[in-house]
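Before any comments, here is the structure.
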Protein chains: 2
Amino acid sequence: MKREEFSVDCSACPIRHKAVCSRCEPDELDELERIKFYKFYPAGQTVAIRGEPLETVASVVGGVATLTRSMEDGRTQLVGLLLPSDFIGRPGRTAIEYDVTAVTDLTLCCFNRKPFEDLLVRFPHVRERLLEMALDELDAARDWMLLLGRKTARERIASLIALIVKRSTRPDGSVMGTGTRIELPITRETMANYLGLTIETVSRQLTKLRADGIIELDGKRGIIIPDLGGLLAETGDDDDGGMIF
Amino acid sequence: MKREEFSVDCSACPIRHKAVCSRCEPDELDELERIKFYKFYPAGQTVAIRGEPLETVASVVGGVATLTRSMEDGRTQLVGLLLPSDFIGRPGRTAIEYDVTAVTDLTLCCFNRKPFEDLLVRFPHVRERLLEMALDELDAARDWMLLLGRKTARERIASLIALIVKRSTRPDGSVMGTGTRIELPITRETMANYLGLTIETVSRQLTKLRADGIIELDGKRGIIIPDLGGLLAETGDDDDGGMIF
DNA sequence: CGGGGTATTGACCCAAGTCAATATCTGTGG
DNA sequence: CCACAGATATTGACTTGGGTCAATACCCCG
């Protein structure tokens with residue numbers, strides 16, 4: 001469970017520059033440091049369940065988690081993919097709204113809700129960053145609504161791959177252009193639940209995109225993109241919004 | 001265009017208790033009052049277009065507007081329904097992300113973006129409320145993702161009617177239980193774009209719900225709900241989240 | 001009374017779902 | 001190191017919910 005792999009020193013934290021704490025001054029960081037604690041979950045483990053009391057909030061430090069909503073008959077929709085630096089939980093709410101599941105080994109930087117809320121009042125930098133992140137997520141959710149409401153299966157798959165490529169872009173800003181290889185952090189089932197499709201359709205469309213030379217499949221999880229432009233053309237998006245820096 | 005119908009006096013504003021300004025102290029309200037201005041749009045008019053510079057932000061005072069995202073080939077998805085008290089625009093962004101259209105006559109309480117952003121720094125009450133509203137919208141968007149990704153046409157229609165019923169609940173909290181009548185604020189086309197369906201499917205499912213005694217159609221826009229419980233059972237949601245006070 | 005927008009209804013079709021068989025991985029223990 | 005078991009993924013055959021295309025019907029409003 002490699003508990004000691006992540007420093008307790010915020011200044012060396014891998015998500016220091018992107019998480020809720022990204023704009024904190026040294027003194028603010030000191031205080032965060034005092035109340036934070038890490039939690040680790042193995043792949044597949046449930047992190048939180050809808051309806052339970054919301055006691056802690058957290059930032060994803062490493063690994064991938066999903067935010068899902070399900071219906072009684074088992075139909076499941078992924079409503080958010082949580083990657084490093086993403087925030088989990090909502091200050092001001094007392095119950096959990098969505099199921100959270102670790103899809104890879106997961107490391108969270110946690111805060112008890114109450115102290116965090118207090119801190120939110122006193123630290124404008126955290127508040128501002130949280131608002132900004134909430135608005136970004138809102139935009140992402142709305143883009144996803146277009147995908148779920150109007151895109152074809154092929155466009156959905158292409159959009160998801162494009163999204164992963166975008167989020168895999170190295171923090172130094174270097175664009176991974178032609179000949180990129182990405183590793184899907186999720187199973188076909190999770191992909192299906194994200195895209196509002198079935199695993200069979202996901203599988204078939206991946207095969208078809210490969211047959212059309214848009215992607216190459218490299219083992220179960222690897223995808224090679226010979227031509228990023230070709231992939232983006234399949235997403236159905238007008239590319240003006242898709243600035244990759 | 002009934003320009004004078006709405007007071008310039010915030011204390012008499014119909015959305016005083018729900019909008020971004022709802023938590024303001026009298027002195028904060030005074031300052032808002034000085035920089036705000038009203039705009040009026042007739043039904044059908046475009047309010048903002050994706051890609052244009054974002055110069056003003058606003059609260060919906062009266063009427064209904066839609067937030068949409070479209071693809072080049074005309075496929076359109078509604079990503080938000082803006083009812084009185086909802087906020088339009090995103091501080092910190094310089095370009096408009098979604099098309100905004102008035103679907104009924106619309107009254108907006110506007111602020112120029114820059115002064116509003118300054119004010120956001122100084123007025124914690126506005127900031128807090130804006131964060132809260134953004135998080136609420138995020139939850140709403142995610143619930144809608146479940147609808148778009150996994151619900152059947154019938155469930156989608158029932159969910160939309162249930163949503164309108166909920167939002168039509170009078171502010172005094174009185175529940176409009178059995179025998180409620182609501183007025184749809186939108187056309188079949190707008191409904192279809194919200195639900196990720198076609199007008200034909202919307203029409204057919206409404207007819208079917210009527211045939212099954214779940215709703216009664218009263219003219220083009222009116223819907224009577226003889227039994228709210230019956231309607232909610234058709235939405236596919238487990239009802240625990242659906243507390244209507 | 002007539003005309004343009006809006007809504008309903010019908011006939012047909014197809015993209016994606018369902019059901020089912022098979023293949024491929026991955027890890028585990030002999 | 002191999003074999004085997006249980007996930008995970010692919011592929012095929014068939015079905016179906018909702019889309020498409022097209023004809024009417026409705027309904028304000030001038």
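Bear in mind that the values here come from a model prediction, so they are computed numbers and not experimental data. Throughout, protein chains are lettered first and strands after them, A, B, ... in sequence-line order, and every chain is numbered starting at 1.
Here T207(B) does not reach the OP1 or OP2 of dT8(C): none of its side-chain N or O atoms lies under 4.0 Å away. Note on T198(B): a side-chain N or O is less than 4.0 Å away from OP1 or OP2 of dG19(D).
Atom-to-atom, CG of L206(A) to P of dT11(D) comes out at 10 Å; the value is rounded to the nearest Å. Whole-Å rounding puts the R204(A) CZ to dC14(C) P distance at 18 Å. Taking atom CG on D218(A) and atom P on dC25(C), their separation rounds to 11 Å, with Å as the unit. Separating the CG atom of L209(B) from the C1' atom of dT8(C) is a distance of 15 Å, rounded to the nearest angstrom. When rounded to the nearest whole Å, the span between CG of L195(B) and P of dG19(D) equals 10 Å. One can place CZ of R150(B) at 15 Å from C1' of dG17(D), the figure rounded to the nearest angstrom. Distance CD (Q205(A)) to P (dG17(C)): 10 Å, rounded to an integer number of Å. Atom CD in E200(B) sits roughly 14 Å away from atom P in dG10(C) (whole-Å rounding).
The pair D86(B)-R167(B) meets the salt-bridge criterion, with a side-chain N (NZ, NE, NH1 or NH2) lying under 4.0 Å from an Asp/Glu carboxylate O.
Contact check for R50(B) versus Y98(B): no side-chain heavy atoms found under the 4.5 Å cut-off.
Out of dA7(C), dA9(D), dT11(D), the shortest distance to the side chain of T187(A) is found at dA9(D). Residue K220(B) has its side chain nearest to dA7(C) when only dA9(D), dA7(C), dT9(C) are considered. Of the candidates dT10(D), dG17(C), dG19(D), dT10(D) carries the atom nearest the L217(A) side chain, counting heavy atoms from C-beta on. Of the candidates dT11(D), dG19(D), dT9(C), the closest approach to any side-chain atom of T201(B) belongs to dG19(D).
Backbone-only engagement by L197(B) is indicated by non-hydrogen atom pairs under 4.0 Å involving sugar-phosphate atoms exclusively. Among the protein residues, G44(A) comes within range of no part of the nucleic acid, since none of its heavy atoms lies under 4.0 Å from any strand.
Remark: the S70(B) side chain and the T76(B) side chain contain an N/O donor-acceptor pair separated by less than 3.5 Å.
None of V202(A), T66(A), L163(A) except one satisfies the side-chain contact (heavy atoms from CB on, under 4.5 Å) rule with Y194(A); the exception is L163(A).
Under a 3.5 Å cut-off, the side chain of R156(A) and the backbone N or O of L195(A) do form a donor-acceptor pair.
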